[in-house]
Amino acid sequence: MISRIDLRGAALPEGSALRDLLPRAEFDVEAALEKVRPICEGVRHHGAAAVIDYGEKFDGVRVASLRVPAEELTRALDELDPAVRAALEESIRRARMVHRDQRRTTHTTQVVPGGTVTEKWIPVERVGLYVPGGRSVYPSSVVMNVVPAQEAGVEGIAVSSPPQKEFGGLPHPTILAACALLGVDEVYAAGGAQAIAMFAYGTEGTEGADGTAGDEPGCAPVNLVTGPGNIYVAAAKRLLKGRIGIDAEAGPTEIAILADSTADPVHVAADLISQAEHDPMAASVLVTDSEELAEATEAELKTQVAASKHVDDRIVPALAGRQSAIVLVGGLADGLKVVDAYGAEHLEIQTADAASVADRVRNAGAIFVGPWAPVSLGDYCAGSNHVLPTGGCACHSSGLSVQSFLRGVHIVDYTRDALADVAHHVVTLAEAEDLPAHGAAIKARFGWKVPESK
């Protein structure tokens with residue numbers, strides 16, 4: 001059901017050589033670019049009409065309007081299962097606690113008397129938040145995208161999720177209910193690359209027969225798009241990056257578990273399966289120095305998979321795919337090298353003294369410490385964010401946070417005396433770079449004579 005990779009008995013290679021030995025899903029965003037390019041161009045030139053046409057083609061339903069009416073948001077919340085509402089409210093409460101503490105404060109540094117540099121944090125003006133709607137429904141992704149944007153102080157928040165045929169062309173009602181709980185009233189029934197293009201280029205509003213404004217406003221362009229999606233969403237983000245900011249090109253979801261002989265194979269197997277049920281391309285990786293744990297986990301997988309849902313269409317293909325494996329290592333130190341080389345989206349540490357081991361990890365989107373912090377907790381109610389870097393990008397990128405929606409702007413304020421004191425250095429460096437006009441901009445302020453430093 002799941003393959004093994006045995007890295008015991010020899011020194012581990014370094015860098016890319018080690019990464020190449022580890023399992024990873026194929027996710028060729030570059031190949032998908034040519035498929036999404038005409039979609040994005042269609043939306044650019046034809047606006048809402050193109051988004052609706054592509055929705056009919058790819059989602060199997062033609063919507064009358066992209067904007068979800070306010071009454072549908074209210075209805076979805078009114079009809080939401082009370083237990084689901086309570087769970088979402090607790091998820092929101094905990095996420096707000098964590099993300100509120102991420103807020104950045106303005107800080108001024110006095111470089112010299114009369115010379116200061118202030119770093120001011122300014123929220124992005126308007127964001128588009130994408131919520132997938134393929135094999136599963138993800139109201140938790142609404143929470144994880146909206147809460148940090150709100151805590152950052154973003155004024156304009158729009159959410160888009162694919163139209164669902166079974167719900168009359170609206171996004172899933174649980175998605176709508178989550179938006180209503182969070183106070184987001186600008187929601188669109190659009191999915192895939194066409195939704196990202198809609199956010200990037202905007203769409204026109206409807207017009208009446210006399211040329212006056214109609215009932216439906218258009219979607220104004222956004223500055224930043226965040227949220228996970230399939231390969232076509234990732235490709236559209238790559239294509240439109242620059243016109244819009246993006247959080248990441250999210251690939252298939254991943255879990256890596258670093259475990260030793262103290263780990264419970266029941267827990268380990270359950271956590272591997274929990275990730276595999278997302279998608280047939282999901283990656284489930286166990287890294288261990290215990291062959292006994294590996295064997296016990298394999299036995300548990302057989303038992304637990306047989307009792308699971310989504311077995312044939314998701315779990316078995318994911319566990320049996322090239323992206324999943326049990327990796328045997330010679331010791332914990334080698335295990336740490338492997339998980340750092342892998343750079344998992346989600347990394348569980350199930351070892352003796354797990355907190356100390358977790359403190360030694362360099363590359364992971366999020367780290368879950370010990371037997372009572374499974375990835376499922378982080379997906380919903382830990383308070384952490386579950387929009388995380390995939391495909392090894394954790395070695396250079398972070399998960400979604402309040403910081404994702406802020407821009408640091410330096411404000412430089414110098415008096416005449418403060419500039420005079422450093423003017424000769426500025427002129428010297430400008431001339432060293434053969435940019436004499438830079439130096440002239442300093443000289444012009446002092447009658448074309450560089451002041452002597454005090």
Side-chain angles (χ1 to χ4, degrees), residues 51 55 59-61 63-100 126-152 154-192 195 198-199 216-217 219 222 225-230 233 277-278 309 376-387 400 405:
V51 179
D59 299 309
V61 58
V63 301
S65 170
L66 292 175
R67 180 79 177 258
V68 175
E71 59 268 24
E72 294 294 346
L73 295 169
T74 301
R75 178 186 305 175
L77 184 56
D78 290 343
E79 296 177 356
L80 185 64
D81 182 320
V84 176
R85 177 168 182 159
L88 281 172
E89 287 174 338
E90 182 62 12
S91 177
I92 292 167
R93 186 185 74 82
R94 293 182 180 213
R96 285 210 189 282
M97 289 174 62
V98 172
H99 290 83
R100 189 165 291 144
R126 177 170 165 77
V127 300
L129 310 179
Y130 186 77
V131 179
R135 287 181 170 84
S136 300
V137 54
Y138 294 104
S140 58
S141 284
V142 179
V143 176
M144 299 298 171
N145 279 272
V146 171
V147 167
Q150 289 178 333
E151 293 302 320
V154 176
E155 293 183 1
I157 297 177
V159 170
S160 187
S161 190
Q164 306 289 319
K165 190 173 184 179
E166 62 184 300
F167 299 109
L170 294 171
H172 195 285
T174 314
I175 298 290
L176 301 183
C179 290
L181 269 178
L182 288 157
V184 176
D185 60 7
E186 186 181 352
V187 184
Y188 297 92
M198 175 188 72
F199 282 146
E216 183 181 353
C219 175
V222 305
V225 172
T226 72
N230 62 20
V233 170
E277 77 170 339
H278 274 287
K309 190 179 179 182
S376 300
L377 174 66
D379 283 341
Y380 299 113
C381 288
S384 58
N385 203 292
H386 78 200
V387 182
L400 204 65
F405 299 93

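Note that the structure is a prediction, hence the values are computed from the model and not measured.
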*Please examine the side chains of Thr226 and Val387, heavy atoms only from C-beta on, and report whether any two atoms are closer than 4.5 Å.*
no
*For the atom pair CG (Leu129) and CD1 (Ile157), what is the distance rounded to the nearest 0.5 Å?*
6.0 Å
*Rounded to the nearest 0.5 Å, what's the gap from OG1 on Thr174 to CG on Leu77? Could you check?*
11.0 Å
*Distance in Å, Cys381 SG paired with Ile92 CD1, rounded so as to fall on 0.5 Å steps*: 10.0 Å
*Any sub-3.5 Å donor-acceptor pair from Gln164's side-chain atoms to Gly133's backbone N or O?*
yes
*With a 4.5 Å heavy-atom cut-off, do Val184 and Val142 have their side chains touching?*
no
*Could you go step by step and tell me if Leu66 and Met198 meet the side-chain contact (heavy atoms from CB on, under 4.5 Å) rule?*
CA-CA 10 Å; Leu66 292 175; Met198 175 188 72; 4.2 Å; yes
*Would you find a donor on one side and an acceptor on the other, under 3.5 Å apart, between the side chain of Arg85 and the backbone of Leu80?*
no
*Is there a donor-acceptor pair closer than 3.5 Å between any side-chain N or O of Ser91 and the backbone N or O of Tyr380?*
yes
_I'd like to know whether CZ of Phe167 has more than 12 heavy-atom contacts from other residues, nucleotides or ligands below 6.0 angstrom._
yes
*Walk me through it: do Arg67 and Glu186 pass the test side-chain contact (heavy atoms from CB on, under 4.5 Å)?*
CA-CA 7 Å; Arg67 180 79 177 258; Glu186 186 181 352; 3.7 Å; yes
_Any side-chain heavy-atom pair of Val61 and Pro162 under 4.5 Å_ = no
*Please walk me through it: do Gln150 and His99 pass side-chain contact (heavy atoms from CB on, under 4.5 Å)?*
CA-CA 9 Å; Gln150 289 178 333; His99 290 83; over 6 Å; no
*What pair of heavy atoms forms the shortest contact from Leu400 to Met144, and how long is it?*
CD2-O, 3.6 Å
*State, yes or no, whether a side-chain contact exists between His386 and Ser141 at a heavy-atom distance under 4.5 Å.*
yes
*For Arg96, which of Arg94, Arg93, Arg100 qualifies under side chain to side chain contact (heavy atoms under 4.5 Å, CB included)?*
Arg100
*About how many Å separate CD of Glu72 and SG of Cys179, when rounded to the nearest 0.5 Å?*
13.0 Å
*Is any side-chain heavy atom of Val222 less than 4.5 Å from a side-chain heavy atom of Val127?*
no
*Just wondering, are more than 12 heavy atoms of other shown residues or ligands nearer than 6.0 Å to CD in Glu89?*
yes
_Any donor-acceptor pair under 3.5 Å from Ser161 side chain to Val131 backbone_ = yes
_Rounded to the nearest 0.5 Å, what separates atom OG1 in Thr74 from atom CG in Asp185?_
9.5 Å
*When rounded to the nearest 0.5 angstrom, what distance separates CD1 in Ile175 from CG in Leu73?*
11.5 Å
*Parallel, tilted or perpendicular: which describes the rings of His278 and Tyr138, with under 30° parallel and over 60° perpendicular?*
parallel
*Closest contact, heavy atoms only, Val63 versus Gly169*: CG1-O, 3.3 Å
*Is a side-chain donor or acceptor of Glu79 paired with a backbone partner of Pro173 at a separation under 3.5 angstrom?*
no
*Considering all heavy atoms of both residues, which atom of Val98 and which atom of Ser384 are nearest to each other, and what is their separation?*
CG2-N, 4.4 Å
*Atom of Leu88, atom of Pro139 and distance for their closest heavy-atom approach*: CD2-CB, 4.1 Å
*Check whether more than 12 heavy atoms from other residues, nucleotides or ligands sit under 6.0 Å from atom CZ of Arg75, and answer yes or no.*
no
*Short question: side chain of Asp81, backbone of Ala83 - any donor-acceptor pair under 3.5 Å?*
yes
_Whether the side chain of Tyr130 engages the backbone of Gly191 through a donor-acceptor N/O pair (distance < 3.5 Å, no angle test) should be reported._
no
*For Phe199 and Ser160, work out which heavy atoms get closest and say how close.*
CZ-CB, 3.5 Å
*Nearest heavy-atom neighbours spanning Pro171 and Val68*: CD-CG2, 3.8 Å
